[in-house]
Protein chains: 2
Amino acid sequence: MATIRDVSKIAGVSVATVSRTLSMPDKVSQKTREKVQNAIDKTNYRPNILARNFRTRKASTIVVLVPDIANPFFSRVIRGIEQTAQKLGYAVLLGDTQGLREREYTYANMVKTSQADGIIQLDCHVPFGADEEEDIFPIVNVCDCIRNTAMPTIQLDNVAAAMEMTEHIISLKHKNIGIIHGPKESTITMDRIKGFEIALKNADIDIDRSLVVEGDYSIKSGSQAAYNLLKNPSPPSAMLCFNDEMAIGAIHQVKSMGFSVPHDISVSGFDDINFAEFCDPPLTTISQPAEDFGSKAMLMLYDVINEIEVKNKNMFLPFKLKIRNSTAPLKKDE
Amino acid sequence: MATIRDVSKIAGVSVATVSRTLSMPDKVSQKTREKVQNAIDKTNYRPNILARNFRTRKASTIVVLVPDIANPFFSRVIRGIEQTAQKLGYAVLLGDTQGLREREYTYANMVKTSQADGIIQLDCHVPFGADEEEDIFPIVNVCDCIRNTAMPTIQLDNVAAAMEMTEHIISLKHKNIGIIHGPKESTITMDRIKGFEIALKNADIDIDRSLVVEGDYSIKSGSQAAYNLLKNPSPPSAMLCFNDEMAIGAIHQVKSMGFSVPHDISVSGFDDINFAEFCDPPLTTISQPAEDFGSKAMLMLYDVINEIEVKNKNMFLPFKLKIRNSTAPLKKDE
DNA sequence: CCTAAAAATGTAAACAATTACATTTTGATT
DNA sequence: AATCAAAATGTAATTGTTTACATTTTTAGG
């Protein structure tokens, strides 16, 4: 493999000039640039990126920390990250943490050791290992964001989204509304529950706490939660699920217990994943701009890494209520 | 940040000894090791990985080339890759190519410039840019594998799987069987069609070529293909789809045209993604060990990178026919 | 044509590890 | 105690770039 020295000899210039031709061509005269380019072509020279990274202490690599890459919503966010990263000249290291803090630690370390320039965190906490050092740790928090954090955040207005969904359900005359939410510690969960409560309060409906149950965003947990709800002494006529997978699980359970969706029970989701539209019945849900989350996060991380001032440190992206056929007016006889 | 030199001074040994303490501790005496460890603790030293990578010309990083990370089957494979990579001390660079050869080129280049040590290719062709250089390019090809390639491959016996699925359909007395396959150029498609043909031939059933239609693995394409099949002069009583998404699209279409699945028309999938079990009706499909594909691929790539002889260069992983309720015996009156 | 400023180019020192080779220390055997 | 091989340690070169600083060349205005 040819080195910058070989090129400089053939071109009859110094290594500095070759380096400049590559990284700041406007500082090099037209004539010299051509000589260098010829030498590069002749030698088939490619800069040794490892040497460059070492010298500049930058890896042009970011890591994305995701609780589970097999989640279809997350994988869309990651797709958005990857596309924008590539445009900006960054490579994306995948950090599937499976919720393990030790894994996060490994990845946070990569930033400390300059193997990566920054982190995009999709989970609702400071990555383990990134908290120790108080100095600027280049990171942005997307989707499920910590409250009152120094990290820049990009998220949905989950309070408003859950409110809108709840209002839709209320407009269908439902009063006994169940919730299948995600992990309690997460901001997403808390915000959406808050939105739900506000909507109920506005409509003067009392909240039945026994109809608020927890899932883990998996289909199975949605199914299990729906089972529990239906076994409740006063089962809900509508179930608000905090993602589409749990809604799909819930629909499956409701049906297999002999009820009809939406005739007997309305079910709604969150995220609008690809499958939502093709469920039976098609799922009423909140659509989120998943790829935009990723893309915007990468853009923001770029600014953080390069110490460009971030204008909007707490960004909110728009959602859209998609009314399909999994929600319907309350049956008269109830 | 402390360097190896700082540590060596504090420990009162040479840099070589510090380096050895880290990478080959058994070459260092007990006493010295302790001194060095103390110095490391005192200085909070972490080796500069960028310098190490540069010097050793290894990045301890691999790239995975995937046509679309939002595909749930692929994301499971990637999860398997990531888990095993982490165990082996490798980081995983995500290369979502979106089918663009230029993107592949970028990533192949990373291997050429030692930014990555190898590639796992999930698509059915030699990555653009990896073909030029004839010398050993560390790569393994998983899932959709090229025929007669020098690359090590890990795949399903797709002929056998499609045969088994077809035999299942035939055992239900179907004779008019439609196929919704993937891109024609891919080995997966060709193999599965072959398996289908063999099963039909064994059962003395003639193939109706007009019932073999192409999709692109998306839900929408499955839906569209099913529409076309049903508009056929002699529509099929069963549809064999080459992935679960297309099957889900097909089921949706069949139902919305007023037919029942499986009563009027049987539909089967491939992959056994999470949603398959929770469809309505639950999907008969071929389950594949997605995570194993990833894990095995990483293990194999490790051998290739480290020039350990690979025993089984063309590995096949087992599948399992999952019979659920989307396939049923042919109606009597047909 | 002269001169000063600006532009272009060159020199050589980093960067922080690994490792080939040289040297010293250790320990077993006589 | 002497010898020698093996083990442990040290010295210093090496890796390929970038870049601060020094030097040379070009340009423009008088």
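A, B, ... follow the sequence lines: proteins, then strands. Residue 1 opens every chain. When reading the values below, keep in mind they use all heavy atoms of this one structure, side chains included, and skip hydrogens, waters and symmetry mates. Given the structure is predicted, the values throughout are model-derived calculations rather than measurements.
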Student: A:I49 has an atom CD1; how far is it from atom P of D:dT15, in whole Å?
Tutor: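 Taking CD1 of A:I49 and P of D:dT15, I get 19 Å after rounding.
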Student: Separation of B:R57 atom CZ from C:dA17 atom P, in whole Å?
Tutor: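 Atom CZ in B:R57 sits about 18 Å away from atom P in C:dA17.
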Student: Describe the nucleic acid contact of B:R55 in one word from base, sugar-phosphate, nothing, applying a heavy-atom distance below 4.0 Å.
Tutor: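 Base: the residue B:R55, judged by heavy atoms under 4.0 Å, touches a nucleobase.
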Student: Once you round it to whole Å, what is the distance between P of D:dT17 and CG of A:L50?
Tutor: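 These atoms are roughly 11 Å apart.
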Student: Are any of the side-chain nitrogens in A:R79 or B:D68 under 4.0 Å away from the carboxylate oxygens of its partner?
Tutor: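 Result for this pair is yes, salt bridge flagged.
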Student: Do A:D271 and A:R76 meet the salt-bridge criterion of a basic N to acidic O distance under 4.0 Å?
Tutor: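 So A:R76 does not pair with A:D271 through a salt bridge.
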Student: What verdict does the salt bridge (Lys or Arg N to Asp or Glu O under 4.0 Å) test give for B:R103 and B:D96, after you've listed the backbone C-alpha separation in whole Å, the side-chain angles of each residue and the deciding distance to 0.1 Å?
Tutor: CA-CA 8 Å; B:R103 293 249 177 108; B:D96 186 322; 5.1 Å; no
Student: Can you tell me if B:N141 and B:Q121 form a side-chain donor-acceptor pair at under 3.5 Å?
Tutor: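 No pair is found: no donor N or O on one side chain lies under 3.5 Å from an acceptor on the other.
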Student: Starting from C1' on D:dG10, measure out to NZ on B:K35 and report it in whole angstrom.
Tutor: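 Spelled out: NZ on B:K35 to C1' on D:dG10 is 12 Å.
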Student: Contact list please: residues 21-33 of chain A against DNA chain D, heavy atoms, distance less than 4.0 Å, in numerical order.
Tutor: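 None - not one residue of the stretch has a heavy atom sitting under 4.0 Å from the strand.
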Student: Just the rounded figure in Å: distance from P of C:dA17 to CG of A:N53.
Tutor: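 Checked: the CG to P distance equals 16 Å.
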Student: Can you tell me the distance, in whole Å, between the CD1 atom of B:I40 and the P atom of C:dA17?
Tutor: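 Nearest whole value for this atom pair: 10 Å.
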Student: Return the nearest nucleotide to the side chain of B:F54; candidates are D:dG16, C:dA17, D:dT18.
Tutor: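 The nucleotide sitting nearest to the side chain is D:dG16.
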Student: Would you call the rings of B:Y105 and B:F128 parallel, tilted or perpendicular, where under 30° means parallel and over 60° means perpendicular?
Tutor: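 Rings of B:Y105 and B:F128: tilted, 30 to 60°.
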Student: In whole Å, what is the span from the CE atom of A:M1 to the C1' atom of D:dT14?
Tutor: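 Whole-Å distance recorded here is 19 Å.
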Student: Above 12 or not: heavy atoms from other molecules or residues under 6.0 Å from CG of B:D26?
Tutor: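 Yes - once you tally the heavy atoms of other residues, nucleotides and ligands closer than 6.0 Å, there are more than 12.
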Student: Please work out which residues in residues 11-20 of chain B have a non-hydrogen atom less than 4.0 Å from an atom of DNA chain D and list them by number.
Tutor: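 Within residues 11-20 of chain B, the residues near DNA chain D are B:G12, B:V13, B:S14, B:V15, B:A16, B:T17, B:R20.
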Student: Within this structure, what is the NZ-to-P distance between B:K9 and C:dA17, rounded to whole angstrom?
Tutor: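 These atoms are roughly 13 Å apart.
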Student: Determine the minimum heavy-atom distance between B:C143 and B:F73, stating which atoms define it.
Tutor: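 Heavy-atom minimum between the residues: SG-CE2, 4.0 Å.
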Student: Do A:D117 side-chain atoms and A:S60 backbone N/O form a donor-acceptor pair below 3.5 Å?
Tutor: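 Present.
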Student: With the side chain counted from C-beta on, respond yes when A:M315 and A:Q155 share a heavy-atom pair under 4.5 Å apart, and no when they do not.
Tutor: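 In short, these two side chains do not touch, never coming nearer than 4.5 Å.
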